[in-house]
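Beneath this line is the structure, given in structure tokens, with notes to follow.
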Amino acid sequence: MKFFNTYKKQILRLVIIFLVLLILFTAGRKKRATPIDNALSFVVAPAQDISTTISSWVLNKVSALKDDTDLAAENSELKAKIEILEAENKRLSMYEEENKRLSALLDVSQKYPDYETTGVDIIAKDPGNWYLTFTINKGTRQGLKPDMALTDAGGLVGRITECGYLYSKVESILDSRSSVSAMSLRTGDLGVVKGDYTLMNDGLCKMEYIDSESEIMKGDEIVTSYLSGIYPSGITVGYVKEVVTDENGLTKYAVIEPAVDFKHISTLLVITDGFSDAKSGEENEN
Amino acid sequence: MKRKIVMFIILIINIVLQSTVFQFIRVNYIIPNTAIVITVSMALLRGRAEGCLIGFTAGFLQDIFFGFSLGYYALLGTIMGYFVGRFNHNYYRENYALPLFLCFLGTIIYESAVFFTGPFFAGYLNYMYFFAKIIFPEAVYTAAVSIIIYRILFSVNERIESSEKYKRKLFSIK
């Protein structure tokens with residue numbers, strides 16, 4: 001410490017220059033975790049896992065105490081809902097079979113193929129207020145790779161940006177660094193869903209570069225488009241909340257309410273396979 | 001050595017808590033920045049050199065687990081530790097007002113720096129909007145949390161210092 005006190009200015013200057021250079025060199029996103037990351041994550045990731053489990057358990061208990069009385073009513077309601085959904089599921093699987101048969105006849109590959117998925121848990125969230133990234137509890141050991149897409153039961157959550165041995169970092173679609181090629185399911189209008197600093201904390205995002213003559217309107221379902229290089233096509237992103245024409249009058253943007261409730265997500269699905277099939281399918285179509 | 005190990009464990013615990021338990025105490029989506037509190041407290045208690053080291057380590061851990069390039073938060077933490085360490089010489093440790101005030105001011109400067117290096121370049125020029133919505137609430141929340149954390153770090157520091165004094169006595173006998 002004496003050494004530091006005599007040369008503090010020089011040392012600080014060197015450290016600052018070193019850090020600035022480090023920032024510049026590592027700014028192009030790395031996709032594989034470095035050995036330092038992995039070594040630290042062996043300690044931190046399990047701790048985060050335990051800590052999240054405990055705190056969500058406590059939170060569940062507290063909220064269970066609060067609405068204990070409603071459980072019976074909710075249960076019967078859910079049972080009724082399941083019955084309806086099961087009936088619908090049967091009907092839809094019949095359609096699927098029919099669709100497969102007809103597509104085979106027409107020699108068209110499936111536009112929305114089945115994706116192989118694996119379940120993951122969120123173990124940590126970004127400790128800042130500017131970005132929205134998660135850490136999940138599986139990594140290269142379980143066969144995850146960067147750029148795999150994540151979904152919830154409702155829709156698209158984000159993609160993996162970096163894979164460690166036991167953990168992966170996920171960038172959500174609300175994060176301002178994320179952009180997803182998307183389209184309106186009803187009209188087929190294309191656009192890009194981007195995160196926005198001003199909308200992020202309200203749980204919303206923005207769909208930009210929509211043609212001004214498109215007939216996109218409030219309530220339309222937005223899905224990932226077939227143009228995306230990362231995200232498989234046909235995954236629900238969200239619903240249009242508001243459509244605004246840009247100042248230049250040539251394009252519109254829409255405020256999107258994601259299908260996923262980002263406040264209450266814990267278990268997610270990673271799409272591990274099937275994407276390459278979808279891509280080759282598109283090539284066949286063209 | 002003992003001091004270094006204890007501080008490293010504290011910083012590891014901090015990043016674990018920040019990314020897990022504190023997520024559940026977000027008020028209006030705002031989460032307090034406890035890394036700033038630890039940097040400010042230790043810089044005040046121990047001076048510039050340690051302030052820099054702790055700011056660097058706390059920032060580097062955040063870089064590794066949540067950053068987009070290595071060294072960004074580490075740089076901010078180092079600079080903050082250096083400037084806060086200035087106040088180490090002339091203040092009473094039992095005075096809780098100064099850490100609280102410096103945490104408040106430090107958070108505002110720190111988050112403004114984050115704003116002007118990130119969102120500002122992405123085309124979000126409206127500083128006042130983000131000041132009102134993110135920076136100021138975070139500073140208030142962080143200052144409130146700093147009262148508790150400063151107390152804990154104060155007693156931890158006292159313990160380590162007393163054990164260090166004891167060691168020195170042993171050596172002086174020789």
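We name chains A, B, ... by the order of the sequence lines, and we start the count at 1 in each one.
In this structure, the separation between NZ on B:Lys133 and CE on A:Met200 is 10.0 Å, given to the nearest 0.5 Å. For the atom pair CD1 (B:Ile64) and CG (A:Asn38), the distance works out to 10.5 Å, reported to the nearest 0.5 Å. Interatomic distance, CD of B:Gln23 versus OG of A:Ser56, reported as 12.5 Å (0.5 Å rounding).
Chain A forms the most heavy-atom pairs under 4.5 Å with one residue out of B:Gly67, B:Gly71, B:Pro119, and that residue is B:Pro119. When B:Ile30, B:Thr78, B:Leu61 are compared by the number of non-hydrogen pairs under 4.5 Å with chain A, B:Ile30 comes out ahead. Contact tally against chain B (heavy-atom pairs below 4.5 Å) for A:Thr133, A:Val44, A:Asp202: the top residue is A:Val44. For the set A:Asp49, A:Leu40, A:Val43, the entry with the most heavy-atom pairs within less than 4.5 Å of chain B is A:Leu40.
Put simply, the side chain of B:Asn126 does not reach to within 4.5 Å of the side chain of A:Thr198, judged on heavy atoms. Counting heavy atoms from C-beta outward, B:Tyr72 and A:Leu22 have side chains that stay 4.5 Å or more apart.
Both the backbone and the side chain of A:Thr52 come within contact range of chain B, with heavy atoms under 4.5 Å apart. Only the side chain of B:Phe24 comes within contact range of chain A, with heavy atoms under 4.5 Å apart. With a 4.5 Å cut-off on non-hydrogen atoms, A:Ile123 touches chain B through its backbone but not through its side chain. Interface remark: B:Gln62 contributes side-chain atoms only to the contact with chain A (heavy atom separation under 4.5 Å). Looking at B:Val21, both its backbone and its side chain come within 4.5 Å of chain A, counting heavy atoms on both sides.
Of all heavy-atom pairs between B:Gly118 and A:Tyr131, the closest is CA-OH, 4.3 Å. Listed here is the closest heavy atom pair of B:Phe66 and A:Gln48: CZ-NE2, 4.1 Å. Of all heavy-atom pairs between B:Cys52 and A:Leu12, the closest is SG-CD1, 3.7 Å. The nearest pair of heavy atoms linking A:Ile16 to B:Ile79 is CD1-CG1, 4.1 Å. When all heavy atoms of B:Tyr124 and A:Gly195 are compared, the closest pair comes out as OH-O, 4.2 Å. A:Tyr197 and B:Ala122 get closest at one heavy-atom pair: CE1-CB, 4.3 Å.
Between the side chain of A:Asn129 and the main chain of B:Ile31, a donor-acceptor pair closer than 3.5 Å is present. Judged by distance alone, the side chain of B:Gln18 and the main-chain N or O of A:Gly128 form no donor-acceptor pair under 3.5 Å.
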Review point. So A:Thr135 and B:Phe65, side-chain contact (heavy atoms from CB on, under 4.5 Å) or not? Walk me through it.
Key: CA-CA 8 Å; A:Thr135 311; B:Phe65 290 107; 5.6 Å; no

Exercise for review: Output, in order, the C-alpha distance, side-chain angles, deciding distance and verdict of side-chain contact (heavy atoms from CB on, under 4.5 Å) for B:Glu111 and A:Trp130.
Suggested key: CA-CA 9 Å; B:Glu111 294 296 342; A:Trp130 298 98; 2.4 Å; yes

Exercise for review: For the pair B:Tyr73 and A:Ile23, evaluate side-chain contact (heavy atoms from CB on, under 4.5 Å) and give the outcome as yes or no after the intermediate values.
Suggested key: CA-CA 10 Å; B:Tyr73 292 111; A:Ile23 292 169; over 6 Å; no

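The number of heavy-atom neighbours closer than 6.0 Å to OH of B:Tyr127, taken from other residues, nucleotides and ligands shown, is above 12. Residue B:Phe101 qualifies as open at atom CZ: its count of foreign heavy atoms under 6.0 Å is 12 or below. Other residues, nucleotides and ligands place more than 12 heavy atoms under 6.0 Å from the CG atom of A:Leu59. Other residues, nucleotides and ligands place no more than 12 heavy atoms under 6.0 Å from the CZ atom of B:Phe83. Atom OH of A:Tyr209 is surrounded by 12 or fewer heavy atoms from other residues, nucleotides or ligands within 6.0 Å.
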